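Below is one structure, written out as structure tokens; the observations come after it.
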There are 2 protein chains.
Amino acid sequence: MLVYAILELLQHKPLSGYELKKRFSGSIVFFWHARHSQVYPELKRMEKQGLIAGTRVEQETRPAKRVYAITADGERALKAWLKRPVALQAVKDQMMLKTFAFHLIEPQEAAAQLRHHQRLHQRRLDLYLATRQELEQRCGEIDATGDPIAFWNAVTLGYSIELERSYIAWCNWALERQRRFNARAVEANANGAPAGGPTEGAVG
Amino acid sequence: MLVYAILELLQHKPLSGYELKKRFSGSIVFFWHARHSQVYPELKRMEKQGLIAGTRVEQETRPAKRVYAITADGERALKAWLKRPVALQAVKDQMMLKTFAFHLIEPQEAAAQLRHHQRLHQRRLDLYLATRQELEQRCGEIDATGDPIAFWNAVTLGYSIELERSYIAWCNWALERQRRFNARAVEANANGAPAGGPTEGAVG
DNA sequence: CTGAAATATGACACTTTTGACCTATGGCAA
DNA sequence: TTGCCATAGGTCAAAAGTGTCATATTTCAG
């Protein structure tokens with residue numbers, strides 16, 4: 001997969017390993033990322049396969065760098081991949097893994113975790129919104145410019161924003177539901193009817 | 001991370017490697033998954049660490065199995081992990097990686113990809129909704145039962161459902177935006193004003 | 001009675017990813 | 001002038017994860 005992420009970035013413009021690494025902390029990082037210790041070996045492998053071509057570039061004030069450009073073969077491989085249908089991706093979410101077992105910790109601790117997580121996603125959302133503002137200022141009303149690169153950039157950014165909003169909304173919803181749940185439990189306890197214990201049937 | 005996923009599952013009830021593997025195709029698979037070739041070695045490692053304890057169990061109609069139970073150490077480790085604040089997780093989304101480069105393929109091919117992906121997520125959403133129905137039938141109105149396991153199960157399931165709905169909504173939105181975008185491009189073309197070419201500034 | 005399917009566990013090669021460490025150069029600030 | 005930061009590019013061990021093959025047993029359908 002990293003192969004295609006790199007090809008996509010090089011398809012716009014030739015870049016060095018260091019510049020690529022920085023791109024993976026730029027807009028593409030919203031849905032794909034890689035460390036430099038993964039990028040450099042991958043570039044070598046891709047060059048051996050003929051997907052990209054590197055050239056040494058001397059610089060005056062900075063160390064020399066090796067700039068990679070996509071080849072005709074690389075572009076073919078990229079387009080072929082784009083046309084292949086994607087399979088449904090498995091979800092891996094640490095926060096959900098924790099939430100699934102929140103019955104093991106104190107309700108207020110669970111709530112604190114949810115609030116903390118909400119703050120983190122709020123910060124990320126703010127970053128995404130700022131990025132969108134920037135993009136719109138650079139490109140004007142995207143639909144009007146007719147630039148397909150800016151268009152699809154905006155479409156993926158729209159997804160990232162929606163995802164963060166969903167997460168924040170879910171945190172709110174979970175906290176609200178938890179408040180109601182706890183209130184009921186306290187009430188039931190006061191009436192001398194203890195809340196139900198672990199129910200095996202709930203898991204599977 | 002797999003360690004904690006396994007501990008969570010064993011915390012409910014001792015299970016064999018095979019049963020665990022099946023759990024990873026059950027409700028926990030909505031946000032975590034693992035193949036059996038990862039589960040079995042992990043169980044051995046965890047037993048050596050003292051987080052779980054295995055016992056050989058003979059069966060009449062089936063081959064003997066090794067059932068693992070969580071230890072006091074394992075429970076402590078699990079609870080400690082639950083209380084540690086989660087870091088923001090990086091997103092990895094193949095579909096977004098593709099969408100980011102859809103300017104390289106024909107608009108109708110991009111639209112076909114979006115529609116295909118929407119169908120896949122619709123199917124998954126249907127599965128999740130069925131699971132929720134099942135859960136509610138087994139546990140009744142969850143807030144009323146006072147069972148915290150069923151409660152947090154419902155909360156995570158709520159997230160999974162929201163995520164799928166977001167994805168489907170995004171596909172619709174993207175398709176609609178693309179239709180408008182293409183209509184404009186055709187219009188501009190008819191007026192003798194060709195649509196803008198690649199804009200370097202759109203990526204970074 | 002043969003073969004497929006489910007149960008049950010494992011080995012192994014491989015890729016992907018992470019985290020820590022290392023080497024340079026040059027600019028800039030305390 | 002000492003040290004930090006950014007640029008530039010690596011290495012390496014380890015962990016995480018995938019995919020395939022192997023090996024038993026038993027049940028059940030044809």
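A quick note: this is a predicted structure, and the numbers were derived from the prediction, not measured. Just so we're on the same page: letters track the sequence lines, and every chain starts at 1.
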Give the intermediate values and the outcome of side-chain hydrogen bond (donor to acceptor under 3.5 Å, both in side chains) for residues A:Gln94 and A:His117.
CA-CA 11 Å; A:Gln94 285 186 39; A:His117 214 239; over 6 Å; no

Evaluate the criterion side-chain hydrogen bond (donor to acceptor under 3.5 Å, both in side chains) for residue pair B:Gln89 and A:Asp93; output intermediate values, then yes/no.
CA-CA 8 Å; B:Gln89 223 183 277; A:Asp93 194 305; 5.7 Å; no

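The existence of a salt bridge linking A:Lys65 and A:Glu19 is confirmed by a sub-4.0 Å separation between a basic side-chain nitrogen and an acidic carboxylate oxygen. Here B:Glu47 does not pair with B:Lys44 in a salt bridge; the nearest charged N to carboxylate O distance is not below 4.0 Å. Residues B:Arg76 and B:Asp73 are paired through a salt bridge, judged by an N-O separation under 4.0 Å between the basic side chain and the carboxylate.
For D:dT7, the OP1/OP2 oxygens have a side-chain nitrogen or oxygen of A:Tyr18 closer than 4.0 Å. In this model, the phosphate group of D:dG17 is approached by a side-chain N or O of B:Gln38 to a distance below 4.0 Å at OP1 or OP2. Applying the 4.0 Å criterion to OP1 and OP2 of C:dA8, one finds that B:Arg66 has every side-chain N and O outside that range. Phosphate proximity of C:dG10 to B:Tyr40: absent, as no side-chain N or O sits under 4.0 Å from OP1 or OP2. Distances shorter than 4.0 Å separate some side-chain N or O of A:Lys22 from OP1 or OP2 on D:dT7. Residue A:Ser37 places no side-chain N or O under 4.0 Å from the OP1 or OP2 atom of D:dC12.
Across C:dA20, C:dT17, D:dA8, the shortest atom-to-atom separation from the side chain of A:Trp32 is found for C:dT17. Among the nucleotides C:dA11, D:dC12, D:dA24, the one closest to any side-chain atom of B:Lys44 is C:dA11. Looking at the side chain of A:Pro63, the nearest of the listed nucleotides C:dT18, D:dA8, C:dA8 is D:dA8.
Rounded to whole angstrom, the span from the CD atom of B:Gln49 across to the P atom of D:dA15 amounts to 10 Å. Straight-line distance from the CG atom of A:Leu2 to the C1' atom of C:dT15: 12 Å, rounded to whole Å. Rounded to whole Å, atom P of C:dT18 lies 14 Å from atom CE of B:Met1. In this structure, the CD atom of B:Glu47 is 12 Å from the P atom of C:dT9, given to the nearest Å. As a whole-Å value, the separation of A:Glu19 CD from D:dG10 P is 14 Å. Distance B:Phe24 CZ to C:dA8 P: 17 Å, rounded to the nearest Å. Taking atom NE2 of A:His33 as the reference point, atom C1' of C:dG19 lies 14 Å away to the nearest angstrom. For the pair B:His36 NE2 and C:dC12 C1', the interatomic distance rounds to 11 Å; values are reported in whole Å.
Using a 4.0 Å heavy-atom distance criterion, A:Gln59 is classed as a sugar-phosphate-only contact. Note on A:Arg45: only backbone sugar-phosphate atoms sit closer than 4.0 angstrom, heavy atoms only; bases stay farther off. Here A:Lys21 lies out of heavy-atom contact (under 4.0 Å) with every strand.
Between A:Arg62 and A:Ala34, the residue anchored nearer the 5' end of DNA chain C, judged by the nucleotide with its closest heavy atom, is A:Ala34.
Here the options are B:Phe100, B:Phe102, B:Phe181, the test is ring-ring contact (aromatic ring centres under 6.0 Å, His included), and the partner is A:Trp152; only B:Phe102 passes.
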